[in-house]
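Notes for the one structure printed next.
Residue numbers begin at 1 in each chain, while the letters A, B, ... track the order of the sequences. Because the structure is a prediction, the values reported are computed rather than measured.
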Protein chains: 2
Amino acid sequence: MASRSGRVTATDVAREAGVSQTTVSYVLNDAPHQKISESTRRKVLDAVAKLGYQPSAAARALRLGRSELVLMLLPDVPVGDSLATLVELLGDELERHRLSLITRRTQHAPVSSLWRELMPAAVLTSLGVSAEDMAGMRAAGIPVVSVEIDAATHPLGLPIHQTLIGRMQVERLAATGHTRIGYAAPRQPRLRDFLEPRLAGVRAACAELGLEAPAVLDVPLDAAAAAAAADQWHSAVPAVTGVCAYNDETAFALLAGMRRVGLSAPGDLAVIGVDNDKLAPFAVPPLTTIDNNLDILAGRVARLIVGSIADDTVSAAPQSVPVSLVVRESA
Amino acid sequence: MASRSGRVTATDVAREAGVSQTTVSYVLNDAPHQKISESTRRKVLDAVAKLGYQPSAAARALRLGRSELVLMLLPDVPVGDSLATLVELLGDELERHRLSLITRRTQHAPVSSLWRELMPAAVLTSLGVSAEDMAGMRAAGIPVVSVEIDAATHPLGLPIHQTLIGRMQVERLAATGHTRIGYAAPRQPRLRDFLEPRLAGVRAACAELGLEAPAVLDVPLDAAAAAAAADQWHSAVPAVTGVCAYNDETAFALLAGMRRVGLSAPGDLAVIGVDNDKLAPFAVPPLTTIDNNLDILAGRVARLIVGSIADDTVSAAPQSVPVSLVVRESA
DNA sequence: TTGTAAGCGTTATCAC
DNA sequence: GTGATAACGCTTACAA
């Protein structure tokens, strides 16, 4: 029976089981250093089941000084397919550990007020979190895992090798005989932070393979504009014959643009995307792309989080996440 | 200065401002029935700013009996593009009201333990939440907003007119001269609950327009399989000339399948999707589709939630969400 | 107008 | 082995 409010509390369970509330807590938390007799344990568990008791997350958080929430700070970019997928996968993964994922845009509220308020069990950052905030969180004992673009500056984070992605795109194009490479960049300035490392990888790979620097053009998500870019690449001298697209979305736009000016892939212009979008197999022609294996990343990040919550030692070995080439027909 | 833990509490602010902790609370909560002198208010706010005080969500939740979390219960289907978008938009919208959206799969944990544990400010349900859970939540005073498929059974929810979507698809095809309609259904049995009302709408519209019942075929996300379906429709007697796809994804697969067997849209087979996927303009040919205006839905749901948290009167007027036809070239 | 004090439901430190 | 008891940080009658 509930005390006076509608809620069933540990005290109610204690009363029902004929033990003290303390004992209930011991049983439920699997006795840190306590020995609970089997009979008591039974009585308590029975009472719990009978009353349908659920501990209050708020009370627990207040007492422990940290909640079971994982705060994910998102950069202020339009969340694309792949980031959305990562969030979803991560949420599922964390759910298995009784953790709830909360996402917040970095810009909407000062980051510091956010973590102070929520006392999250861990914080996941990607971009745009200030060094002070980082330090503050760490000082407060909150494990911070950063899924960063640039592995070098964040040695404790889990890197997505954006640079590697760019490299792999070029390598594929080079392997299929292309020597003059184009890069289809999205227009939104907001994406700059994501774009740059990928483009850097492309540039580096071109240099290493002895190719000319990539011809970078804006390819907005608009067929007409994409057509202009396609045309420009095609009629350059020497002509660009292979294009790395920032992502699959951009690749789709480019393919549509090419169609408008009578160009086809991979004959006139080979196109390779990034993300392995669900629709990539249905592009015309089916889109060759780089899969960043977000499911694997999600699993690793989740494990890293769970681990750093358990151990205080943030031994977060920054394992790089595999990235794979998916060959279809466009490149 | 923090008491002894690292945290800055309202008591610290009080000390700094030279007032009682109560006064701090009054000032910060904008004085329900209190009159605070301007000078005190200033002192408090200054101290808050100086110390960087942030109230503890846990303590507040414990005291108030409810947190500032909004729990969204998701059906156990692979979260597709459109549901993911809804979640994202909703999260952004709720963030503006200082609410945090938490998503959970209905199946992973018993629903009752979830809400009892989190004491959410509101719960958002879509499918697969039992009547008992509903009743339990309502009894506990938690506003429940259901974004349901079937408006009739959930008069307090906010309906997405899935049925209307199906209707509109057929109407477009009929308007462009098609009399024999096909329906491209996804294979996953998990999607049944979403599929059925749409298909029902298609059936109803066919009947009302005096057309034959739709020829329903499975169109999995596989070009080869989709090709078989396309062929079957095309060679039926009388031939199916217009197909409603379950969603844009299915439509993409179908278009790819058609290409394999030398069929083209809309000439041989007109295709109309649902979702207005970002990539729909880049389909070959550009995909005609139904936009379910999730941004509008998200806004309404958010307002409904915020409203029902404020008022206790769940006057949730179930306003239906507009759905619009986006004409491109495929149908 | 401001302060005192009683909880909200846990966990954890002691006694027994 | 088990049980009082004191926080955790906040809101809100009730006093002053």
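In terms of phosphate contacts, A/T40 brings a side-chain nitrogen or oxygen within less than 4.0 Å of OP1 or OP2 of D/dT2.
Rounded to whole Å, the distance from OH on A/Y26 to P on D/dA4 is 12 Å. The CG atom of B/L64 sits 20 Å away from the P atom of C/dA6 (whole-angstrom rounding). Across the protein-nucleic acid pair, A/M119 atom CE and D/dC10 atom P stand 8 Å apart, rounded to whole Å. Atom-to-atom, CD of A/E117 to P of D/dG9 comes out at 15 Å; the value is rounded to the nearest Å. Atom CZ in A/R42 sits roughly 19 Å away from atom C1' in D/dT2 (whole-Å rounding). Counting to the nearest Å, the C1' atom of D/dA7 and the CD atom of A/Q21 are 13 Å from each other. With rounding to whole Å, A/N29 atom CG is found 13 Å from C/dT13 atom P. One interatomic measurement links the two molecules: CZ of B/R116 to P of C/dG9, which rounds to 14 Å at whole-angstrom precision.
At the heavy-atom level, B/T23 lies under 4.0 Å from the strands shown only through sugar-phosphate atoms. The residue B/S25 sits close to a base: some heavy atom pair falls under 4.0 Å. Within 4.0 Å (heavy atoms only), B/E38 reaches no atom of the nucleic acid at all. If you check every strand for non-hydrogen atoms under 4.0 Å, A/S37 touches sugar and phosphate atoms only. Across all strands shown, B/L62 has heavy atoms under 4.0 Å from base atoms, whether or not it also approaches the sugar-phosphate.
For a distance-only test at 3.5 Å, the side chain of A/S20 fails to qualify as a donor-acceptor partner of the base of D/dA4.
The shortest side-chain heavy-atom distance between B/Y53 and B/D12 does not fall under the 4.5 Å cut-off. Considering only heavy atoms from C-beta on, B/E68 comes within 4.5 Å of A/E117 through its side chain.
Closest-nucleotide positions on DNA chain C for B/R41 and B/A59 were compared, and the one nearer the 5' end corresponds to B/R41. Comparing B/S39 and A/A58 by the nucleotide of DNA chain C that holds the closest heavy atom to each, the one mapping nearer the 5' end is B/S39.
Note that the OG atom of B/S146 and the CE atom of B/M134 stand 4.5 Å from one another [nearest 0.5 Å]. In this structure, the separation between CD on B/E16 and OG1 on B/T11 is 13.0 Å, given to the nearest 0.5 Å.
Listed candidates were C/dT10, C/dA5, D/dG3. Nearest to the side chain of A/T22 is D/dG3.
In this model, a donor atom of one side chain and an acceptor atom of the other lie less than 3.5 Å apart for A/T40 and A/S37.
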